[in-house]
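FYI, side chains are in, hydrogens and waters are out, and symmetry mates aren't considered; it's all heavy atoms of this structure. Here the structure is a predicted model, which means the values were calculated and not measured.
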Amino acid sequence: MNPSSPPFAGGPPVCRPDPAAGQRWTFGFAGGLTAEVHTHGARIHGLWVPDRHGRPADVVLAPREPGESTAAARYFGATVGRYANRIAHGRFTLDGTPYQLTTQENGHSLHGGTDGFDTRIWEAESVHTPERTGVILHLRSPDGDQGFPGNLDVTVSYLIGRNDELTLTYAAVTDAATPVNLTNHAYFNLEGEGAGDILDHELAVDASHYTPVDGDLLPHGEHLPVSGTAFDLRSPLKLSEALAGSEHRPMPAGGGYDHNFVLTPDGDGTLRRAAVLRAPATGRCMEVFTTEPGLQVYTAGQFDGTVVGKSGTPYRAGAGIALETQHFPDSPNRPGDPSTVLRTGDEYRSTTVLRFGVRG
């Protein structure tokens with residue numbers, strides 16, 4: 001299949017068995033946004049968006065097989081949890097009881113542990129009405145999964161509307177108190193998957209503060225103002241300029257952004273705009289709206305060509321950008337951050353909207 005050609009022309013979602021295990025669901029409306037979602041990791045494996053001339057291209061990075069489970073490839077497009085981002089040393093205490101999670105990166109827990117939600121086969125069902133189409137995925141995470149307490153029932157939905165919006169909705173309930181922080185880990189290149197890097201993209205992030213991190217990318221200290229720093233993206237800035245930094249805006253060590261931006265310090269659940277990403281070469285624009293208090297911006301500075309994409313192109317540094325809507329990293333150990341604890345009788349709910357269009 002040509003990655004630049006949508007696999008589906010419109011109508012109800014179509015389910016296809018996948019040799020790598022699981023199912024591929026394709027859905028969208030003719031002439032507009034089209035998505036391919038895989039039940040392995042409840043992941044976005046493809047997303048076709050028209051450019052200024054109406055020509056669609058797949059704008060999501062992914063390895064050829066959705067089930068590729070190497071360390072370098074496992075998070076591409078996936079739903080990650082129970083806890084997106086990092087928990088220091090994989091340890092936290094909840095209601096006086098200490099818990100130890102499985103760990104990987106530098107001895108810390110990352111994106112739910114060694115066998116997180118990105119590795120699971122989710123159950124799926126389709127949704128189709130005259131105004132929206134998509135798929136709803138379900139997963140049960142048992143008590144003790146990766147060290148987390150409580151049986152957790154999770155639902156993730158991907159729905160496309162006729163207005164070229166992709167809405168991601170997360171819901172979860174538990175039978176014992178547990179931290180929950182879910183996100184999608186798609187990498188975007190609005191010039192097209194395999195088209196090169198994202199250095200000519202323009203990025204704006206609606207955040208006045210960010211979370212400083214140490215060498216292990218764990219937060220420390222208080223949230224800092226972005227003003228006068230390389231994290232001031234409140235006005236659109238070309239990524240090549242942002243990543244180059246300057247004498248007055250030095251970039252942190254580590255090859256680019258891999259930082260949490262504070263959209264709201266209190267996590268009140270209001271749907272608000274978080275970021276705008278635009279590719280001047282194609283005119284494609286993506287606005288990100290979310291109910292989450294944070295946005296992790298990752299410019300893929302550690303990509304080294306190990307992962308080969310759907311187009312046959314090795315992904316190197318800056319091949320895509322991840323805009324992960326989330327609560328803050330290591331919140332279970334940081335009582336001043338918005339709480340990530342879900343308790344019995346409550347429901348976890350989170351919504352992210354990706355609105356696509358053309359500018360210029």
Side-chain angles (χ1 to χ4, degrees), residues 75 80 83-93 101 103-112 179 181-183 185 187 198 203-268 272-277 288 290 292-303 317-318 321-341:
Y75 300 122
V80 293
Y83 199 94
N85 216 309
R86 293 164 177 83
I87 296 179
H89 310 293
R91 296 195 294 264
F92 65 91
T93 298
L101 309 176
T103 60
Q104 63 272 61
E105 186 183 83
N106 298 323
H108 308 297
S109 174
L110 175 66
H111 294 328
N181 183 29
L182 305 177
T183 194
H185 207 296
Y187 293 96
I198 43 87
L203 176 65
V205 177
D206 296 338
S208 61
H209 288 71
Y210 75 99
T211 305
V213 294
D214 63 18
D216 284 350
L217 296 175
L218 288 163
H220 64 85
E222 301 299 319
H223 304 153
L224 297 180
V226 301
S227 181
T229 76
F231 301 96
D232 193 348
L233 299 171
R234 290 174 291 181
S235 296
L237 190 63
K238 184 179 287 190
L239 281 170
S240 60
E241 298 176 13
L243 294 173
S246 69
E247 179 183 355
H248 303 291
R249 291 168 48 95
M251 273 301 298
Y257 295 108
D258 193 359
H259 297 79
N260 173 66
F261 286 74
V262 179
L263 306 174
T264 172
D266 52 11
D268 62 5
R272 55 172 53 84
R273 194 178 74 169
V276 181
L277 183 68
V288 181
T290 186
E292 289 296 292
L295 179 76
Q296 184 84 6
V297 176
Y298 176 42
T299 50
Q302 284 71 46
F303 283 15
I321 182 171
L323 300 171
E324 305 160 53
T325 56
Q326 57 170 21
H327 271 58
F328 306 153
D330 202 29
S331 287
N333 295 309
R334 292 172 58 85
D337 287 349
S339 176
T340 56
V341 176

> Would you find a donor on one side and an acceptor on the other, under 3.5 Å apart, between the side chain of Ser331 and the backbone of Ser339?
Replying inline: no
> Of all heavy-atom pairs between Asp232 and Ser227, which one has the smallest distance, and what is that distance?
Replying inline: OD2-CA, 3.8 Å
> Taking only residues two or more places apart in sequence or in another chain, which ones pass side-chain contact (heavy atoms from CB on, under 4.5 Å) with Asp206?
Replying inline: Arg273
> Do Leu243 and Thr299 have side-chain heavy atoms sitting under 4.5 Å apart?
Replying inline: yes
>> Working to the nearest 0.5 angstrom, can you tell me the gap between His89 NE2 and Asp330 CG?
In response: 8.5 Å
>> Give me the atom names and distance for the closest heavy-atom approach of Pro179 to Pro332.
In response: CB-CG, 4.1 Å
> Is the closest side-chain heavy-atom distance between Ile321 and Tyr257 below 4.5 Å?
Replying inline: no
>> Using every non-hydrogen atom in the two residues, find where Gln302 and Tyr298 come nearest and quote the distance to one decimal.
In response: OE1-OH, 3.0 Å
> With side chains defined as the heavy atoms from C-beta onward, is the minimum distance between Leu203 and Val297 less than 4.5 Å?
Replying inline: yes
> So how far is it from Glu324 CD to Tyr187 OH, rounded to the nearest 0.5 Å?
Replying inline: 7.0 Å
>> My understanding is that only residues two or more places apart in sequence, or in another chain, count here; which of them pass side-chain hydrogen bond (donor to acceptor under 3.5 Å, both in side chains) with Thr103?
In response: none
> How long is the gap from CD1 on Ile198 to CG on Leu239, to the nearest 0.5 Å?
Replying inline: 4.5 Å
> Less than 4.5 Å apart, any side-chain heavy atom of Leu277 and any of Val288?
Replying inline: no
>> With heavy-atom distances below 4.5 Å as the criterion, would you say the side chains of Leu233 and Val226 are in contact?
In response: no
>> Please find the pair of heavy atoms, one from Pro293 and one from Gly267, that lie closest to each other, and give the distance.
In response: CB-CA, 3.8 Å
>> My understanding is that only residues two or more places apart in sequence, or in another chain, count here; which of them pass side-chain contact (heavy atoms from CB on, under 4.5 Å) with Asp216?
In response: Asn106, His108, Asp214, Leu218
> Excluding sequence neighbours, so at least two apart, what forms salt bridge (charged side-chain N to carboxylate O under 4.0 Å, His left out) with Asp337?
Replying inline: Arg334
>> So Phe231 and Leu224, do their side chains get closer than 4.5 Å, heavy atoms only?
In response: no
> Who are the salt bridge (charged side-chain N to carboxylate O under 4.0 Å, His left out) partners of Asp268, not counting sequence neighbours?
Replying inline: Arg272
>> Using 0.5 Å steps for rounding, measure from the OG atom of Ser109 to the CD atom of Gln104.
In response: 5.5 Å
>> Can you list everything that forms a side-chain hydrogen bond (donor to acceptor under 3.5 Å, both in side chains) with Asn85? Sequence neighbours excluded, please.
In response: Gln296, Gln326
> Who pairs with Arg91 by salt bridge (charged side-chain N to carboxylate O under 4.0 Å, His left out), at least two apart in sequence or on another chain?
Replying inline: none
> Which heavy-atom pair separates Leu237 from Ala242 by the least distance, and what is that distance?
Replying inline: CD2-CB, 3.6 Å
> Which residues satisfy the ring pair (Phe, Tyr, Trp, His ring centres under 6.0 Å) test with His223, sequence neighbours excluded?
Replying inline: Phe328
> Taking only residues two or more places apart in sequence, or in another chain, which ones meet Thr340 in a side-chain hydrogen bond (donor to acceptor under 3.5 Å, both in side chains)?
Replying inline: none
> Looking at CG of Leu182 and OH of Tyr83, how far apart are the two atoms once the value is rounded to the nearest 0.5 Å?
Replying inline: 10.5 Å
> Under the ring pair (Phe, Tyr, Trp, His ring centres under 6.0 Å) test, which residues partner His111, sequence neighbours left out?
Replying inline: Tyr75, His185
>> If the condition is side-chain hydrogen bond (donor to acceptor under 3.5 Å, both in side chains), which residues does Thr211 pass it with, not counting sequence neighbours?
In response: Asn260
>> The criterion is side-chain contact (heavy atoms from CB on, under 4.5 Å); which residues satisfy it with Pro225, sequence neighbours excluded?
In response: His209
